[in-house]
Amino acid sequence: MARITLAEAFLVDLIPKVKRTDAIQSFKSQETIFVTLTDSDGATGMGYSYTIGDGGPAILSLLQRTLLPALMGREAEMIEQIWRDLLFTSHATAVGPIMALAQAAIDTALWDMRGKRANLPLHLLAGGAKTRVPMYSTEGGWLHLEPAALVDDALAMREAGFKGSKIKIGKPTVAGDASRLNAVRSALGDDYEIMTDANQSLTQPEASRRLDLLESLNIAWFEEPLPADDIAGHARLNRQSRVPIAVGESMYSPGQFADYIAAEACGIVQADVARIGGITPWLKVAHMAEAHNLMICPHFLMELHVSLVCAVPNAPWLEYIPQLDDVAAPMARDGGHALAPTAPGLGIEWDHAELAARTAPGSRFTVQEGKL
């Protein structure tokens, strides 16, 4: 085995090409935090995580001051041990998004290095369940869009081979949500999946008021109806609903998913590989869900999640929200299906010149073994 001798980190701000709004926020930018690791044999790996517009410098600071110095000299293949040790290196900041997002940048870099060293793509390295997965699109379902625009986008996506679309809900009235969903269902018919996402915006009574509507339209799932820390509320709603309750993009540890599953508070889990702290904990959640006969349908980061959903048997969907097209080669697709990358490691073909040009001034730093 080889020890880690060098780390480099930097931030690239990627601005969405379309307006993205939901019931509680706007996606201002993707502050993308990159970590590149080099070991004593010269092997390298690059990983990343992200914010939706705030907090990137705090993640970089935690990496620079605490986590990357603690990584120096560690055996690169001891990924489980490294993940646990780094968590306890700064345990007072965990569980939470800043710590999880910082760990994710490191953990994904380690898995990228492992795959390149083994000459295996991530979907095989992490399990090897399939080589392709159907996609649903979220990019045309944002809350500010009028029903006609939702319909036009869903029709275009179906024509491109997509199997479903996600529509944001959480309008001030049930009627406001109903008009959006009815328009799409009427135009697309019964064989096109429609997912919904309230982005934690509703009270339990308001979420309950929407259940009959969602069931009547055969909605695929009801995502984040309540604040993520309201496990009891989700459990009550899950007992009421015949539409699966989906949670997870705003959860930051496997233990939080374990609590939801034990409380029978969800029907679908949606762990985000960056927000949960990397590939290592993501796989734990995926297998936990499988053991409870639940699906995992991860949130965002399609270029990274494509390999993970192809690694496990209980991941039937990939969410389509393009974000890396300016700094990486497009993800491989066959119509409405995403194809697992075949290149070793994460399988993302980065445009390093474009990354360098877009790096935020003053954000790049290195940490080297034996040097302060």
Side-chain angles (χ1 to χ4, degrees), residues 22-23 130 132-171 173-199 201-202 206-225 234 237-249 266-270 289 293-300 302 305-306 309 313-322 333-338:
D22 60 41
K130 49 188 176 287
R132 53 194 284 140
V133 62
M135 294 185 290
Y136 70 92
S137 175
T138 296
E139 195 71 324
W142 302 103
L143 195 64
H144 66 279
L145 296 172
E146 295 298 324
L150 302 176
V151 169
D152 288 345
D153 183 79
L155 288 171
M157 299 313 291
R158 185 175 68 178
E159 181 67 22
F162 283 66
K163 307 303 180 183
S165 292
K166 182 189 286 182
I167 307 300
K168 298 289 185 175
I169 62 174
K171 289 289 188 178
T173 65
V174 177
D177 287 335
S179 68
R180 296 160 59 76
L181 297 175
N182 277 312
V184 177
R185 178 57 78 208
S186 295
L188 274 294
D190 293 334
D191 61 348
Y192 190 77
E193 289 283 25
I194 300 173
M195 297 76 171
T196 60
D197 185 357
N199 291 98
S201 65
L202 301 173
E206 284 300 309
S208 296
R209 289 182 66 203
R210 287 159 170 79
L211 292 180
D212 287 345
L213 168 69
L214 302 186
E215 184 179 344
S216 71
L217 295 174
N218 195 25
I219 296 301
W221 68 65
F222 188 6
E223 183 174 331
E224 287 201 315
H234 279 96
L237 195 65
N238 198 45
R239 288 193 294 269
Q240 292 178 312
S241 180
R242 294 183 61 186
V243 174
I245 303 300
V247 298
E249 74 174 74
C266 63
I268 296 171
V269 299
Q270 296 187 299
N293 200 27
L294 298 175
M295 298 188 300
I296 183 165
C297 300
H299 162 257
F300 195 46
M302 64 180 190
H305 280 133
V306 61
V309 299
N314 57 321
W317 289 102
L318 182 69
E319 182 173 26
Y320 178 80
I321 305 180
R333 292 168 43 191
D334 178 13
H337 285 75

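Numbers here are sequence positions counted from 1.
With sequence neighbours left out, Asp334 forms a salt bridge (charged side-chain N to carboxylate O under 4.0 Å, His left out) with Arg132. Listed by chain and number, the residues in a ring-ring contact (aromatic ring centres under 6.0 Å, His included) with Tyr192 amount to none (sequence neighbours excluded).
Two residues are said to be in side-chain contact when any heavy atoms from C-beta on lie closer than 4.5 Å; Leu202 and Arg209 fail this criterion. Contact annotation: the side chain of Met157 never approaches that of Glu139 to less than 4.5 Å [non-hydrogen atoms, C-beta and beyond]. Looking only at side-chain heavy atoms (C-beta outward), Met195 and Glu319 stay at 4.5 Å or farther from each other.
Nearest heavy atoms, Gly140 versus Leu150: O-CD2, 3.3 Å.
Of the inter-residue distances, the one linking His144 atom NE2 with Trp142 atom CH2 reads 9.5 Å to the nearest 0.5 angstrom. For the atom pair CZ (Arg333) and CZ (Phe162), the distance works out to 4.0 Å, reported to the nearest 0.5 Å. Residue Thr196 holds its OG1 atom at 5.0 Å from CG of Leu214, rounded to the nearest 0.5 Å.
A donor-acceptor contact shorter than 3.5 Å is absent between the side chain of Asp153 and the backbone of Ala149.
For residues 177-186, every residue pair satisfying the salt bridge (Lys or Arg N to Asp or Glu O under 4.0 Å) rule, not counting sequence neighbours, is listed here: Asp177-Arg210.
Counted by atom type alone, Gln240 and Ser208 present one or more donor-acceptor pairs between their side chains at under 3.5 Å.
Salt-bridge annotation for Lys163 and Glu193: absent, with no side-chain N of the basic residue lying under 4.0 Å from a carboxylate O of the acidic one.
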